[in-house]
Amino acid sequence: MSIKRISCFIICSLVFISTKAQTIVINKGMKLETVTAIKTTINIEALGQNVETETALTNLVETKNVTDTGYLFSTTTRRMTLKTNSMGQKIDFDSDKPEDLNGPFGSKVKGVIGSVSDIVVSKKGVITLLSSTLTPGADNPLSQAADFTGFLAKGQPYPLLMPLPGRPVKKGDTWVDSTGNKDSAFYIYNYTLKENTDKESIVEIMGINRINMVINQGGMEIQIKLDGKVSGNSVFEKATGILRTSSSVSQNTGTMSVMGQTVPISTVSTISIDVTK
C-alpha cells in the first residue's frame with residue numbers, strides 16, 4: 001500500500017471542495033492560467049505514519065466551446081512541484097528542472113506534464129463530463145487521483161466559476177447548496193456574499209463533507225471513510241464570475257481499512273488557487 005497514493009486521492013477530493021456559479025460570462029477562446037497550491041498533513045497514528053506533502057500545479061485553461069447548455073474547458077498541466085516527507089523519505093521535485101524530470105521520481109510522473117483534461121460544465125456551473133489523457137498506472141504516484149478524477153468531478157461545482165443561487169443576492173445574503181451521493185461522496189456548502197462591488201465579489205464558504213470510497217491499489221481494496229469540514233474565501237471578477245483567487249482550510253477525520261484491518265486517519269489541508277488571464 002502506497003501512502004503517497006492515498007494522499008493523492010485525498011488531495012484530489014479536497015480540491016473540489018475548496019471553491020464552488022452566478023450568471024457566468026464566458027467566451028470561446030478565453031485562456032486562463034491557474035496555480036493550485038495544496039499543503040496537506042495526513043496522520044495514520046496506528047501505523048506511525050505522518051505524511052506531509054506540498055504540491056503546486058500550474059495549468060493552462062482554455063474555453064474550447066460555448067453552447068446553449070454549457071461550456072467545454074480544456075486544461076493542460078504545464079508544471080508540477082512536489083515536496084513530501086514520509087517515513088524519513090524526502091522528495092523535492094520540480095518538473096521545470098530537467099534533472100528532476102529525468103530522475104527516478106520524475107520518470108513516474110512525466111505523464112502528468114502536458115496531460116490534458118476536457119471538462120464539460122453546465123450553465124449552472126456543474127461538471128457534467130470529464131475526460132483526461134492522464135493514464136493511471138501502478139508506477140504513477142498520481143494514479144489514484146487519475147482513477148477517481150472523473151468520479152469526483154461529475155456533479156461537482158467547477159472551481160473556477162462563482163457560486164450563486166438562482167435569485168438576486170446582495171452583500172450579507174447567505175444560501176446553502178449540496179452535491180454528491182450520500183453513499184459515496186457528499187458535500188454541503190453554506191455561502192455568504194461578504195462583499196459585492198463593481199469590480200469583484202467575495203464569497204465565504206463553510207462546508208461539511210462525507211466521503212466513503214474504495215480504492216483498488218495493486219489488486220488490494222482500500223476503503224476510505226472521512227468526515228470533514230472546510231472554510232475559506234474566494235474572490236471573483238464581477239463582470240464574468242471567474243475566480244481570481246481563493247484560500248481554504250480543510251480538516252477530515254475517519255478510517256482506512258485494508259486486509260481486514262481498520263486504522264484511524266486524519267488530514268489537514270490548506271488550499272489556494274490563483275488565476276490570471
Side-chain angles (χ1 to χ4, degrees), residues 10-26 32 34-41 55-57 59 61 73 119 121-128 149 152-182 184-197 199-211 226-254 266-276:
I10 293 170
I11 288 170
C12 183
S13 304
L14 297 177
V15 169
F16 284 103
I17 65 175
S18 63
T19 58
K20 204 184 149 226
Q22 155 188 19
T23 300
I24 305 300
V25 180
I26 302 292
L32 305 170
T34 67
V35 178
T36 302
I38 308 169
K39 183 176 181 179
T40 300
T41 300
T55 307
L57 288 171
N59 294 322
V61 180
F73 296 100
I119 305 172
V121 182
S122 73
K123 289 289 186 177
K124 294 182 178 181
V126 176
I127 297 172
T128 59
T149 294
L152 288 173
K154 190 173 182 179
Q156 292 284 343
Y158 187 54
L160 301 186
L161 301 183
M162 181 175 175
L164 279 182
R167 59 178 172 83
V169 292
K170 63 183 183 299
K171 180 180 176 180
D173 281 357
T174 62
W175 64 99
V176 179
D177 198 3
S178 62
T179 185
N181 185 320
K182 292 184 178 180
S184 54
F186 187 70
Y187 309 89
I188 299 175
Y189 308 93
N190 293 274
Y191 297 103
T192 302
L193 185 59
K194 302 294 288 186
E195 294 290 343
N196 196 27
T197 69
K199 293 185 177 181
E200 65 183 28
S201 299
I202 301 177
V203 178
E204 178 187 68
I205 178 175
M206 303 288 288
I208 60 174
N209 63 270
R210 174 163 290 180
I211 297 171
L226 294 172
D227 288 299
K229 58 184 180 180
V230 62
S231 60
N233 289 280
S234 298
V235 180
F236 299 90
E237 185 179 59
K238 181 67 176 290
T240 63
I242 295 172
L243 181 71
R244 285 180 173 174
T245 184
S246 70
S247 61
S248 63
V249 177
S250 178
Q251 297 175 297
N252 288 268
T253 58
S266 63
T267 73
V268 178
S269 294
T270 58
I271 305 164
S272 67
I273 303 176
D274 292 299
V275 180
T276 56

Exercise for review: Search all heavy atoms of Gly241 against all heavy atoms of Phe236 and return the closest pair with its distance.
Suggested key: O-CD2, 3.7 Å
Study note, to complete from the structure: For Leu193 and Trp175, the nearest pair of non-hydrogen atoms, with its separation, is N-CZ3, 3.9 Å
Revision key, fill the gap. By side chain to side chain contact (heavy atoms under 4.5 Å, CB included), Thr270 pairs with (sequence neighbours left out) Lys39, Val249
Review point. How about Ile188 and Val176: do any of their side-chain heavy atoms sit closer than 4.5 Å?
Key: yes
Review point. Who passes side chain to side chain contact (heavy atoms under 4.5 Å, CB included) against Arg244, sequence neighbours left out?
Key: Glu200, Val235, Glu237
Practice item. Carefully, step by step, assess Val126 and Tyr158 under the rule side chain to side chain contact (heavy atoms under 4.5 Å, CB included). Key: CA-CA 6 Å; Val126 176; Tyr158 187 54; over 6 Å; no
Review point. Distance from Leu57 atom CG to Thr34 atom OG1, nearest 0.5 Å?
Key: 8.5 Å
Study note, to complete from the structure: Test side-chain contact (heavy atoms from CB on, under 4.5 Å), reference Ser246, set Asn233, Ile273, Thr36, output is Ile273
Revision key, fill the gap. Here the gap from Asn190 atom CG to Ser231 atom OG, rounded to the nearest 0.5 Å, amounts to 12.0 Å
**Study point:** Gap between atom OG1 of Thr197 and atom CD1 of Ile202 - 0.5 Å precision
**Key:** 7.5 Å
Point to revise | Side-chain heavy atoms of Phe186 within contact of Ser178, under 4.5 Å | key: yes
**Study point:** salt bridge (charged side-chain N to carboxylate O under 4.0 Å, His left out) partners for Asp274, two or more places apart
**Key:** none
Study note, to complete from the structure: Residues at least two apart in sequence or cross-chain that pass salt bridge (charged side-chain N to carboxylate O under 4.0 Å, His left out) with Lys194, listed by chain then number, are none
Exercise for review: Please examine the side chains of Leu161 and Ile26, heavy atoms only from C-beta on, and report whether any two atoms are closer than 4.5 Å.
Suggested key: yes
Study note, to complete from the structure: Applying side chain to side chain contact (heavy atoms under 4.5 Å, CB included) to Val35 and not counting sequence neighbours gives Thr58
Exercise for review: Could you grab the distance from atom CZ of Arg210 to atom CG of Asn252, nearest 0.5 Å is fine?
Suggested key: 11.5 Å
Practice item. Write down the atom of Asn209, the atom of Lys229, and the distance for their closest heavy-atom approach. Key: OD1-N, 3.8 Å
Review point. Side-chain contact, heavy-atom cut-off 4.5 Å: Tyr191 with Asp177?
Key: yes
Check your understanding: Atom CD1 in Ile271, atom OG in Ser250: separation rounded to 0.5 Å?
Key -> 5.5 Å
Revision key, fill the gap. Heavy-atom closest pair (Val203 atom, Pro163 atom, distance to 0.1 Å) is CG1-CG, 4.5 Å
Practice item. Indicate the atoms forming the closest heavy-atom contact of Ser234 with Leu243, along with that distance. Key: CB-CD1, 3.9 Å
Practice item. Taking salt bridge (charged side-chain N to carboxylate O under 4.0 Å, His left out) as the test, write out the residues that go with Lys170, two or more places apart. Key: Asp173
Exercise for review: List for me each residue that meets side chain to side chain contact (heavy atoms under 4.5 Å, CB included) alongside Ser266, sequence neighbours excluded, and say none if there are none.
Suggested key: Asn43, Thr253
Check your understanding: Who are the side-chain hydrogen bond (donor to acceptor under 3.5 Å, both in side chains) partners of Glu204, not counting sequence neighbours?
Key -> none
Practice item. Identify the heavy atoms of Ser122 and Thr128 that sit nearest to each other, and give their distance. Key: CB-CG2, 4.1 Å
